[in-house]
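Please read the structure below before turning to the comments.
Every number for a ligand or one of its atoms is a count from 1 in the order of the listing. Treat the numbers as computed from the prediction; the structure is a model and nothing was measured.
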Amino acid sequence: MRFDLITLFPDMCAALREHGVSGRAHQRGLWTLHAWNPRDFTHDAHRTVDDRPFGGGPGMVMMAEPLALAVQAIRADRLQAGVDSPDQVAPVVLLSPAGQVHHQAQARGWAGGTGAILVCGRYEGIDQRFIDHYVDQQVSLGDFVLSGGELAALVLIDSVVRLLPGVLHDAESAEQDSFNPALTGLLDSPHYTRPEVWRDQVVPETLLSGHHARIQAWRRQQSLHLTQAERPDLVEQARAAGGLSRQDEACLDALDKAR
Ligand code: 9D3
């Protein structure tokens, strides 16, 4: 899997390449991340990548040509590297508040591909003619305002890379197994570690019982409880996907009655 980032701030890629789960997987060659600076595709002395908006208004707009030249250079490089073929080219994805909101199902879909060319905007926006000609898809992280597309792109890549085979260790992978009833899109149950008593607060006794079945049932109940309280929309989604057992429904009923 290979991602190519078009960004005015190539150094931001270090966050994913050098740390944690994604950093280790990068080091092991399970994925790569290349950054391309539009300034390197300009021809004027000032290396200009932005200009004032036609029609007036505040701020600056990213020019189409440096972005187009970057996409073309990336396409050639991906072909040359054998990552893409002439009839199987990577999608060009623009990170934008106007895009479709990224979800886990989307991440799973991307994990089956060969990567993407991600375009990160800065300033007020990007010349629409570049978007019309090159961009296949626009992705947003949600309804809040960022200063640019870089952090959004890194979030998206992280969500995909951790799903690649061999990236997570066994324990983490088991948790992602779609047949594991512990994971039906519900929130996780609380976690505890030593000491058994911390500032007068004890660990729930079930977790100390050593009784595996009781512990599993407790965790499921906590999960249902927490999700019902904080994210009832996720409980409804899990129900619609057939992810709730009769025992789960009984647990939720008991919660309703207790209120
Ligand atoms: C102040 C300018 N905004 C008018 C309300 C438009 C605007 C332009 C550029 C807003 C944000 C940005 C930069 N954001 C992104 O590039 C971005 C983003 C986001 O802001 N929120 C959620 N997901 C994403 S993906 C890319």
Side-chain angles (χ1 to χ4, degrees), residues 1-17 19-22 31-42 47-74 90-111 113-163 185 230-231 233-234 237:
M1 169 136 334
R2 168 172 160 173
F3 288 100
D4 292 90
L5 219 60
I6 301 179
T7 171
L8 291 170
F9 305 108
D11 293 351
M12 290 179 76
C13 293
L16 276 191
R17 283 201 198 109
H19 304 285
V21 166
S22 64
W31 69 287
T32 58
L33 175 54
H34 299 251
W36 305 75
N37 192 334
R39 285 197 200 285
D40 296 335
F41 298 90
T42 57
R47 313 219 303 157
T48 311
V49 293
D50 62 325
D51 206 338
R52 300 192 326 246
F54 278 123
M60 300 292 271
V61 176
M62 289 181 84
M63 297 164 70
E65 186 64 6
L67 296 174
L69 292 176
V71 168
Q72 281 159 5
I74 292 166
V92 176
V93 178
L94 173 65
L95 284 305
S96 159
Q100 292 293 303
V101 175
H102 187 58
H103 281 110
Q104 188 65 18
Q106 185 87 5
R108 279 188 218 108
W110 283 52
T114 60
I117 300 171
L118 302 175
V119 183
C120 304
R122 284 275 156 172
Y123 314 121
E124 280 308 293
I126 294 178
D127 191 312
Q128 187 62 35
R129 293 168 295 185
F130 168 80
I131 298 174
D132 293 343
H133 196 270
Y134 283 98
V135 172
D136 299 305
Q137 190 184 341
Q138 300 191 41
V139 176
S140 166
L141 285 196
D143 296 336
F144 46 86
V145 182
L146 299 173
S147 309
E150 285 80 4
L151 288 175
L154 295 176
V155 166
L156 186 144
I157 295 169
D158 185 66
S159 75
V160 174
V161 162
R162 63 191 297 288
L163 298 178
E230 300 299 328
R231 294 291 304 275
D233 57 312
L234 294 182
Q237 246 179 268

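- Listed by number with element, the atoms of ligand 1 under 4.0 angstrom from any heavy atom of G142 are 21 (N), 22 (C).
- Ligand 1 has a nitrogen or oxygen under 3.5 angstrom from a nitrogen or oxygen of L146.
- Residue-to-ligand polar distances place L141 within reach of ligand 1: an N/O pair is separated by less than 3.5 Å.
- Between the side chain of S22 and the main chain of L16, a donor-acceptor pair closer than 3.5 Å is present.
- The aromatic rings of W31 and F3 sit perpendicular to each other, their planes meeting at more than 60°, with 30° as the lower class boundary.
- Shown in contact with G148 at under 4.0 Å from a heavy atom are these atoms of ligand 1, numbered in order with element: 13 (C), 15 (C), 16 (O).
- If you number the atoms of ligand 1 from 1 as listed, the ones under 4.0 Å from a heavy atom of V145 come out as 10 (C), 11 (C), 20 (O).
- Listed by number with element, the atoms of ligand 1 under 4.0 angstrom from any heavy atom of V139 are 25 (S).
- In this structure, atom 19 (C) of ligand 1 has protein heavy atoms in its sub-4.0 angstrom surroundings.
- Heavy-atom contacts of S140 reach the following atoms of ligand 1: 22 (C), 23 (N) (cutoff under 4.0 Å).
- Looking at D127, its side chain never comes within 3.5 Å of a backbone N or O of M63 through a donor-acceptor pair.
- For the pair L163 and Q104, the minimum side-chain heavy-atom distance is below 4.5 Å.
- Distances below 4.0 Å separate heavy atoms of A152 from the following atoms of ligand 1: 25 (S).
- Of all non-hydrogen atoms in Y123 and M60, the two that sit nearest each other are CB-O, 3.2 Å.
- By the 3.5 Å distance cut-off applied to N or O atoms, F144 is counted among the residues near ligand 1.
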